[in-house]
There are 2 protein chains.
Amino acid sequence: MTVISTKLRARLLDALAHPNRIRVLEAIRSGHTCSCEIAPDLNLEQSNLSRHMKILVDRGILIPERDGVRINYRIADDEIYHMLDLAGELVRRAAERNILEEETE
Amino acid sequence: MTVISTKLRARLLDALAHPNRIRVLEAIRSGHTCSCEIAPDLNLEQSNLSRHMKILVDRGILIPERDGVRINYRIADDEIYHMLDLAGELVRRAAERNILEEETE
DNA sequence: TGAATACATGAGTAAATACTCAACAATGTT
DNA sequence: AACATTGTTGAGTATTTACTCATGTATTCA
C-alpha cells in the first residue's frame, strides 16, 4: 500500500483550518454558489474572501465555474463535508470529556 | 440542533495541519508512546517535538501520562485517525481528478 | 463605447508559526 | 548528593498568514 504524503494531507487540513473558510464551505453546502452571495452573507471584505476562495480552489476543495460576471463554486468532493462534520463531532466529544474529567478531579 | 463553533473546529483541524504532527500521530498509532521514541524515529529536534506535543495535548488530541522520567501519550479519540485517513482519501481522489481533467483538456 | 457588476491582485502591516540553541525542571538511579 | 534521562521554556529569527485599501481585470449590457 502507498504511503500518503503527510505534506499533502497537511495542506488539505490547513485549507480547512480557518473559521471563515469553514463558514464558506457551509454556505456552499447550504446552496450559495458565488462569492457575491457569500461575501455579504458572511460579512467578509470582498478581497479577503477572494483570497480564501483561491486557497480552497488551489487546494482542490472547490471547483470554480464562470457564469457571466460571476464565478460559481461547487465542492470537488462531498467527503469534504464529512470531514467538517467529523471535526464537529470530535470537538463535541472533547468538550464532553473535559466536563467528565473536571467532575472527577 | 446546536451550531458547532467554526472556531473550535478550525483549531482542531489546524492542530492536525502539519506534516510532523501527522507523523507523530501515525507513530503513536503504530505503537510508539513517548517523545523519547518518536523524536529519533522522526528525526526531530527534541525541543521542537515538545512544542508539537504541547499543541496536540492543548487541543485535546493527545492525553499525556507521566511514567517515571518519560511521558506516554495516547490518543484522546480514535476518530482522530479516521480524520487522517479521510484526509488521505481526499488527497488521493483529488490527484485522480486532476489526472482525469488533464486528459480531457 | 461606457457604465455596472464580480472578482483578482499589489502593497503594506500585524500577528502567528515553526524552528534552533541554550538553559532550566522533574524524575529516577547509583 | 551527583548524575543521567526526559521533557519544558526563554530568546531570537525567518517565514507565513490574514487582513485592508486601492487599483486592475473580465464580462455583460445599455
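So you know, we letter chains A, B, ... as the sequences are listed, proteins then strands, and number each from 1.
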Distance check needed: [N] [atom2] versus [X] [atom1], whole Å only.
| X | N | atom1 | atom2 | value |
| --- | --- | --- | --- | --- |
| B:Lys54 | C:dA18 | NZ | C1' | 15 Å |
| B:Glu37 | D:dG7 | CD | C1' | 14 Å |
| B:Ile71 | C:dT27 | CD1 | P | 9 Å |
| B:Leu44 | C:dT20 | CG | C1' | 13 Å |
| B:Glu45 | C:dA23 | CD | C1' | 14 Å |
| B:Met53 | D:dT9 | CE | C1' | 17 Å |
| A:Leu49 | C:dA8 | CG | P | 9 Å |
| B:Asp58 | C:dA18 | CG | P | 13 Å |

(message) Once salt bridge (Lys or Arg N to Asp or Glu O under 4.0 Å) is applied, what residue pairs with a partner in residues 32-44 of chain A remain, sequence neighbours excluded?
(response) A:Glu37-A:Arg70
(message) On a heavy-atom basis, which atom in A:Leu13 and which in B:Leu16 lie closest, and how many Å separate them?
(response) CD1-O, 3.6 Å
(request) Give the angle between the helix axes at the two ends of the helix from C:dT1-D:dA30 to C:dT30-D:dA1, taking five base pairs at each end and rounding to 10°. (result) 20°
(message) Over all strands shown, is A:Ile55 touching base, sugar-phosphate only, or nothing at heavy-atom distances under 4.0 angstrom?
(response) sugar-phosphate
(request) Looking at every strand, decide which applies to A:Ser50 at a 4.0 Å heavy-atom threshold: base, sugar-phosphate, or nothing. (result) base
(message) At under 4.0 Å between heavy atoms, how does the protein contact nucleotides 23-30 of chain D? Give one character per nucleotide, 5' to 3', with B, S or -.
(response) ----BS--
Check: protein-nucleotides 10-17 of chain C nitrogen or oxygen pairs below 3.5 Å:
residue	atom	partner	partner atom	Å
C:dG10	N7	A:Arg51	NH2	2.8
C:dG10	O6	A:Arg51	NH1	2.8
C:dG10	O6	A:Arg51	NH2	3.3

Pairwise side-chain contact, [X] with [Y], heavy-atom cut-off 4.5 Å (strictly under):
| X | Y | answer |
| --- | --- | --- |
| B:Ile80 | B:Leu25 | yes |
| B:Leu90 | A:Arg9 | no |
| B:Leu62 | B:Ile28 | yes |
| B:Leu86 | A:His82 | yes |
| A:Ile38 | A:Leu44 | no |

Please list every donor-acceptor pair under 3.5 Å in which a side-chain atom of residues 45-55 of chain B meets a protein atom from a residue at least two apart or in another chain.
residue	atom	partner	partner atom	Å
B:His52	ND1	B:Arg21	NH1	3.0
B:Lys54	NZ	B:Asp58	OD2	2.9

(request) Go through C:dC7, C:dC19, D:dT6 for me and flag the one nearest to the A:Ser35 side chain. (result) C:dC7
(message) Holding to side chain to side chain contact (heavy atoms under 4.5 Å, CB included), I want the full list of residues that pass it with B:Ile71, two or more places apart in sequence or in another chain.
(response) B:Pro64, B:Arg66, B:Tyr73
(request) State whether B:Arg92 and B:Glu89 are salt-bridged, where the test is any N-O pair (Lys NZ or Arg NE/NH1/NH2 against Asp/Glu carboxylate O) under 4.0 Å. (result) yes
(message) I'd like to know if B:Lys7 and B:Asp14 make a salt bridge, using a cut-off of under 4.0 Å between side-chain N and carboxylate O.
(response) no
Whether [X] contacts [N] is assessed here as follows: a side-chain N or O lying under 4.0 Å from the phosphate OP1 or OP2. Is that the case?
| X | N | answer |
| --- | --- | --- |
| A:His52 | D:dT17 | no |
| A:Asn48 | D:dA18 | no |
| A:Asn72 | C:dA6 | no |

(request) Determine, using the 4.5 Å side-chain heavy-atom cutoff (strictly less than), whether B:Leu42 and B:Tyr81 are members of one ILVMFWY cluster. (result) yes
